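It should be emphasised that the depicted structure is a prediction, and the values quoted were computed from it without experimental measurement.
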Amino acid sequence: MYPRRILAALADLAPAGGERVLDVSKGGQPIVWLPEPERAPRNRTVDRLAALDELHRDERILRRGWAWVAGGVEVDGAGAGGARRKVRLPLLTEPVRLERGLRGYRVVPAGDLELTPLVADREVAAALEAAPGLGGTAWLRGRGSADWIGAAAAAAGIAPGRVVTVDGAMPRISDAELVGYAVAGLFVVRDVTSAGLRDTLLNWAGRDGLDGTALARVYGDPVPVGPPAVDEIVLSPLPLSRAQREVVRRVRHEPVVAVAGPPGNGKSHAVVAAALDTVDRGGSVLVATQSRHAAEVLGDLLRRYPAAVPVLFGDAERRQAIAAELAEGAAAGADDRRIDADREALAAAEAKVAAVTSGITAALTVEQRAAELAAWEPLMPGLRVDAPLAFEPGFDVEAALRLLRRATPVVDDGWWRRRRRASALRRLRRATGAAEPVDLDRLSAVLGAAQAAEAAARLAATGGTDLGPSWDALADADDALAEAVGVAMRNRARSVHRWSGDARRTVAALASALTSGRNRRREALAGLDGAALVRALPLWVGTVTDVEDLLPPVPGMFDLVILDEAAHIDQIRAAPVLARAKSALVVGDPRQLRFVSFVADVDVAVTLGRHDLEGYGDRLDIRRASAFDVAVGAAPVTYLEEHYRSVPHLIEFSASRFYRDRIALMSRHPRNEHADAIDVVHVDAGTVTDGVNRAEVDAVVAVVKDLAERKTTGIGVITPFRDQADALEAALLAAFPVEDIERLRLRTGTVHAFQGSEADTIVVSLGLADGDSPARLRFASDPHLFNVMVTRARERLVMVMSVTDGSGIVGDYLAYGSAPPRAACRPAAEGTGWAARLGAELTAAGLPVRAGYPVGRWSVDLCVGDGDGAVGLICGVHPDGIAAHLERQRALRRMGWTLHDAFASRWSHDPVRAALELSSELR
């Protein structure tokens, strides 16, 4: 029963609802009245709204309101003691986009209609939402609109004195009275948030079946799990690292899996791979993200690979697209013949990879054994005396090794086994010519030396090892296998066995529910057959906010829930999502920005006592513990350390300062290792007035203009402070027309708004000045905020600042950014092995050479050349074995490396000849 008590406690700690907003123009945002609801004029005000929406495209802030109440209303009592409050409120809204034309804009719906949340009675709200033709031009001009406006406004507690139908220009609004207007208008919603979750959590607390959900798993005692099945095969349409494959394996067997990692570390790949694997094994998955942008990133990644097709519901806009697609009906689905054909194609693709891999493995095994000959050579005379036949031409080393294994004691469990071992030892001695005193250890050394000698002789006879064509064949075979895996996954996900009659009826009911208003939709969703729905549509991806508005409230409806960006999600919002699945994969980075809670410690303590949950104080510390923190307390963490996003100069500060050098840069390459990607623009005489550093605002605009002149696109402008962000937004709107904002792909906002996002170029306005308050300094220097701020850029970061005090984290970062990027590796001449001797000769030939060039957790034996033309030379089998050698080759090729085999056997261990030949090839 403890999951119910946990949900009830979270409900007590949840906010009951949002602020009672009566004026959507608050803060000076304009309202553009639309005589033609589907069109907006081309003027300065509308251009500004279009540009503003483009600057915040991930947040979807532009709305069209249908049916307004405007004027003034008396609050805080009646008569002379009351206060008058401005009202500019749409009773019905929808997200929209503006499509620009020569003479005006077309207003395009980008989401479904929403009744004002001020109508708290759900039955009344559902009745209002059921009005025929609601929200269209015909409805607005119809006779019933005035009655609807009066009823809706009264239900919202702001009944107007009269209702006016606006046929032409909007009349002047007087705040002396409250009037209803049948008119459409454009406006901006600044903070798009969900309503309070108290009722939702209480509803969940009353449901049965919670004990078997991910919610119970996360808040319960840790479940013991066995060691990971490291040899279990993971096939995926996505290329995966070793750690990412570990995530998939863990999700198959463990009820709670926690994954952490720094920015750009492939968390999205791990999430998508685990989701597709679960669906392919017959399960269902809900992926819930913190932000709409994160949902779209996952959606784009899924579309890039052929696999199970997801239902994407990142925001209200997607509901219409989903409803339209589902209303068309589903095809018959893949039949057994198609599934069998996919299975055969997949088996053929696996066999091709296995065949190519086997050939490479055999060649590397010979190379590996031959490389051991140098260690055996000092011992060879004595070994030849002890076992002379072992070194004769035609000696069968493999057969002798089999005899050695039979002769080696493992378990002494009877005379028969001892007799067989003795017989094998006698046969081994006869085969090698060894006398009676030569023991097993000596014979083992003899065969090791014989193997090395045989391998070296074979390489000498065949001209050495060069696997160039084989690596190309392996890459082609890997691509074909990934394609076959994806096709098989997609067809199995939509097989006829998933699309039963119940499933089709449930999907049709879902399509109908999605076109209803919020309150009707909730009722319809609650009545759906959840099991049938996820059997037909097993993969869902969207935001935490929209989960409650789209999915039936069924405990354990999904087999797996993946909670992304979980360190930024509080427990109150995470709980209903976790309750919808049987197991959980929780992904996050505790070193980035976290959620903000205003719940007092005393309220938490009192609530836990009221629900008899004192023993859960560590897990239910909702003021400090995020959804990720709770999951970490329930399961071990898989850490994804490899970084794929940014050039080295942009990430190494965070790697050292915040992650204790646990970031392995897969993005490092000679083309970018020396790139000075951090520019600092010092602003003289900057001061902060009313939270705004105006000198920095002007400097940022100048920087963006310079970037525009250099044809730079993909620009983000960020700052730690809300007031500074508003000033930057206004300045950019004044400096750039909407066409330029679109072309530059220019975005702006606070650091908090950019968490989870990225851009090619980031311009930071630090917003501080000398003599600033300690509170502002502490805020901008917060490690979580600073980490996010300096890791959003892929290619370049421009820091605009007027503060001259170089202390603390700001000063450390400026010192780091001012220094040249650090060298990655040692000169090639160090050491005495083949790679060092070859590197020395290549250096003498005039080529830039470095040894042990680090790329992520791998290293390239020799890196030859600079810039885009640099190549990697692989001079020996990887020290960790052939499996590691294969994985390194695949990983480096995926990152764009050109690799050449440069084994000593190709040139009979002559580095001079090797350098001459390679120099001509590489120049």
Tell me if a side-chain donor or acceptor on [X] pairs with a main-chain N or O of [Y] at a distance below 3.5 Å.
| X | Y | value |
| --- | --- | --- |
| S908 | D910 | no |
| T843 | G839 | yes |
| D277 | V234 | no |
| D861 | C875 | yes |
| W858 | M666 | no |
| R406 | R420 | no |
| R591 | F658 | yes |
| R249 | E232 | yes |
| Q244 | G266 | yes |
| K267 | L640 | no |

Let me know which of V912, L916, L918 forms a side-chain contact (heavy atoms from CB on, under 4.5 Å) with W907.
L918
Flag the pair [X] / [Y] as yes when at least one side-chain heavy-atom distance between them is below 4.5 Å, and no otherwise.
| X | Y | value |
| --- | --- | --- |
| M380 | L373 | yes |
| L665 | E652 | yes |
| T462 | V366 | no |
| L467 | L474 | no |
| L276 | P237 | yes |
| D472 | R893 | yes |
| L447 | F395 | yes |
| T791 | S646 | no |

Do you know the tightest heavy-atom contact between [X] and [Y]?
| X | Y | value |
| --- | --- | --- |
| V877 | H885 | CA-ND1, 3.5 Å |
| D880 | A884 | CB-CB, 3.7 Å |
| A274 | V251 | CB-CG2, 4.2 Å |
| V285 | A275 | CG2-O, 3.6 Å |
| G261 | Y639 | CA-CE1, 4.1 Å |
| S919 | L847 | OG-CD1, 3.9 Å |

Let me see the working for R343 and D336 under salt bridge (Lys or Arg N to Asp or Glu O under 4.0 Å), right down to the final yes or no.
CA-CA 10 Å; R343 189 178 296 113; D336 290 342; over 6 Å; no
Approximate separation, where rounding is to 0.5 Å, of [X] [atom1] and [Y] [atom2]:
| X | Y | atom1 | atom2 | value |
| --- | --- | --- | --- | --- |
| D466 | F903 | CG | CZ | 9.0 Å |
| E367 | R458 | CD | CZ | 12.0 Å |
| L238 | H269 | CG | NE2 | 5.0 Å |
| R417 | R421 | CZ | CZ | 8.0 Å |
| L235 | L481 | CG | CG | 5.5 Å |
| D661 | S654 | CG | OG | 11.5 Å |

Residues [X] and [Y] bridged, charged N to O under 4.0 Å:
| X | Y | result |
| --- | --- | --- |
| R369 | E398 | yes |
| R337 | D340 | no |
| R338 | D342 | yes |
| D866 | R850 | yes |

Test ring-ring contact (aromatic ring centres under 6.0 Å, His included) applied to F653 - qualifying residues, sequence neighbours left out:
Y813, Y816
Scan side-chain atoms only and decide if H900 and E921 contain a donor-acceptor pair under the 3.5 Å cut-off.
no
Working for side chain to side chain contact (heavy atoms under 4.5 Å, CB included), residues S583 and E254
CA-CA 8 Å; S583 61; E254 300 177 26; over 6 Å; no
Please step through side chain to side chain contact (heavy atoms under 4.5 Å, CB included) for the pair L873 and L842, ending with a clear verdict.
CA-CA 11 Å; L873 299 184; L842 289 170; 3.7 Å; yes
Evaluate side chain to side chain contact (heavy atoms under 4.5 Å, CB included) for V446 paired with W376, printing each intermediate quantity in order.
CA-CA 9 Å; V446 164; W376 289 115; over 6 Å; no
Just say parallel, tilted or perpendicular for the rings of W897 and H669, cut-offs at 30° and 60°.
tilted
Side chain to side chain contact (heavy atoms under 4.5 Å, CB included) between E350 and V353, worked out
CA-CA 5 Å; E350 286 187 89; V353 171; 5.8 Å; no
In terms of heavy-atom contacts, does CZ of R242 have more than 12 from other residues, nucleotides or ligands at under 6.0 Å?
no
Surrounding CZ of R427 (heavy atoms of other residues, nucleotides or ligands, distance under 6.0 Å), is the total greater than 12?
no
CA sep, side-chain torsions, deciding dist, call: E641, R857, salt bridge (Lys or Arg N to Asp or Glu O under 4.0 Å):
CA-CA 9 Å; E641 64 179 11; R857 65 185 185 91; 5.1 Å; no
